[in-house]
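Each remark here refers to the structure printed beneath this line.
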Amino acid sequence: MATKFKALIGFTRMKDDELMVTAATIIGAMTDNVHFEQPTPALAAVQELLDDFSAKLTAARRRGSPEETALKNESRLPLEAALRQLAYYVNGVAEGHLSTLLSSGFPTNGTSGSVQVPLKVEGVKLSDGRQSGQVRLDFDKQRNVLLYEYQYRLQGEAEWSERFTTSSSRANIIAPLTAAERYEVRVRALNTQGTGDWSDNATMVVR
């Protein structure tokens, strides 16, 4: 029987730092994500809970008093609850579609515990495509990675394109682009444990 993929909803066993990184990864991945147009709860609300937990965690580590530690633990509970609610929303939208789940930044089921969040993608290289207005994208492949996301933009612009997904680290064609303009591209890896950091930007002038 095929595995039905879903975002994991359990956060109680995560260490404090792991919870912070996971929450920040999810917020970043779901921001402006076309798959999740109306997150419940709103991402801004989750960010507020994360900021509160982060501040109280810092205070607890700096002072180390029982009161500060209790405040930190209390602030963690609503953050966990918000992430669980967000995971239910993601699972409802994705309906088991793995690439959609992975784009949310949530860790998912279906893999061994030895698999970790992907590393930052390295070796990003752009070259001429076969036709004018095309760019070929290549980068270093990673183990235990199911999908990669990439974005592009005219160099100097603030907004990136939508996120495109690929399962291959070789011969990805980006088109149509404007000839004689310089573009920059970034890539990140996704697996069932979450989303890696964006690569350094690669640039080239389109022929």
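- To the nearest 0.5 Å, the span separating CD on Glu80 from CD1 on Ile9 amounts to 12.0 Å.
- Using a distance-only test at 3.5 Å, with no hydrogens or angles considered, a donor-acceptor pair links the side chain of Ser199 to the main chain of Val187.
- With rounding to the nearest 0.5 angstrom, the OG atom of Ser54 is 9.5 Å from the CD atom of Gln47.
- Partners of Asp197 by salt bridge (charged side-chain N to carboxylate O under 4.0 Å, His left out), not counting sequence neighbours: none found.
- Note: Ser65 OG to Lys72 NZ = 11.5 Å, rounded to the nearest 0.5 Å.
- In the hydrophobic cluster analysis, where Ile, Leu, Val, Met, Phe, Trp and Tyr join through side-chain heavy atoms closer than 4.5 angstrom, Tyr150 is grouped apart from Val117.
- Both Met204 and Val185 belong to a single network of hydrophobic side chains, linked directly or stepwise wherever heavy atoms of I, L, V, M, F, W or Y lie under 4.5 Å apart.
- For the pair Leu102 and Thr195, the minimum side-chain heavy-atom distance is 4.5 Å or more.
- Distance CD/Gln151 to CD1/Ile174: 10.5 Å, rounded to 0.5 Å.
- If you take CZ on Arg130 and CZ on Arg136, they are separated by 9.0 Å, rounding to the nearest 0.5 Å.
- Scanning all heavy atoms of the two residues, the minimum distance from Gly133 to Val206 falls at CA-CG1, 3.6 Å.
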field: Test side chain to side chain contact (heavy atoms under 4.5 Å, CB included) applied to Phe106 and Met30, step by step
entry: CA-CA 9 Å; Phe106 271 93; Met30 292 188 67; 4.1 Å; yes
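- The same ILVMFWY cluster, assembled from side-chain heavy atoms under 4.5 Å apart, contains both Val135 and Leu154.
- By the 4.5 Å heavy-atom criterion applied to side chains, Asn109 and Lys6 are counted as neighbours.
- Contact between Leu86 and Pro41 at its shortest, heavy atoms only, is CD1-O, 3.7 Å.
- Residue Phe164 qualifies as enclosed at atom CZ: its count of foreign heavy atoms under 6.0 Å is above 12.
- Sorted by first and then second residue, the pairs that involve residues 123-148 and meet ring-ring contact (aromatic ring centres under 6.0 Å, His included), not counting sequence neighbours, are Phe139-Tyr148.
- Here the side chains of Thr178 and Tyr183 are in contact, with some heavy-atom distance below 4.5 Å.
- Other residues, nucleotides and ligands place more than 12 heavy atoms under 6.0 Å from the CZ atom of Arg62.
- Pairing each heavy atom of Tyr89 with each of Thr40, the nearest pair is CB-O, 3.6 Å.
- Judged by distance alone, with hydrogens and angles left aside, the side-chain atoms of Asn172 form no donor-acceptor pair with the main-chain N or O of Thr166 at under 3.5 Å.
- Contact check for Ile26 versus Leu43: no side-chain heavy atoms found under the 4.5 Å cut-off.
- Residues Trp160 and Glu184 have side chains in contact (heavy-atom distance under 4.5 Å, counting atoms from C-beta outward).
- Residue Arg143 places its CZ atom among 12 or fewer non-hydrogen atoms of other residues, nucleotides or ligands, all under 6.0 Å distant.
- When all heavy atoms of Ser104 and Asn33 are compared, the pair lying nearest together is N-ND2, 4.3 Å.
- With hydrogens and angles ignored, the 3.5 Å screen pairs no side-chain donor or acceptor of Arg76 with any backbone N or O of Phe53.
- Ile27 and Leu83 fall within a single hydrophobic cluster, where Ile, Leu, Val, Met, Phe, Trp and Tyr side chains are chained together by heavy-atom contacts under 4.5 Å.
- Under 4.0 Å is where a charged nitrogen must lie from a carboxylate oxygen, and between Arg163 and Asp32 no such pair does.
- A distance-only check finds a donor-acceptor pair linking the side chain of Arg207 to the backbone of Gly129 [under 3.5 Å].
- Summarising the geometry of Ala7 relative to Leu101, their closest heavy-atom pair is N-CD2, 3.8 Å, with the distance given to 0.1 Å.
- A heavy-atom distance below 4.5 Å is found between the side chains of Leu50 and Leu79.
- Gln134 places no side-chain N or O within donor-acceptor distance of the main-chain N or O of Ile173, the cut-off being under 3.5 Å.
- Between Asp17 and Leu57 the shortest side-chain heavy-atom distance falls below 4.5 Å.
- There is no path of hydrophobic side-chain contacts, each under 4.5 Å, that joins Leu137 to Trp198.
- If you take OG1 on Thr69 and CD on Glu74, they are separated by 11.0 Å, rounding to the nearest 0.5 Å.
- In this structure, Lys56 places its NZ atom where more than 12 heavy-atom neighbours from other residues, nucleotides or ligands lie under 6.0 Å away.
- In this structure the side chain of Asp200 never reaches within 4.5 angstrom of the side chain of Val124, judged on heavy atoms.
- Taking a cutoff of 4.0 Å between a charged side-chain nitrogen and a carboxylate oxygen, Asp16 and Arg61 do not qualify as a salt bridge.
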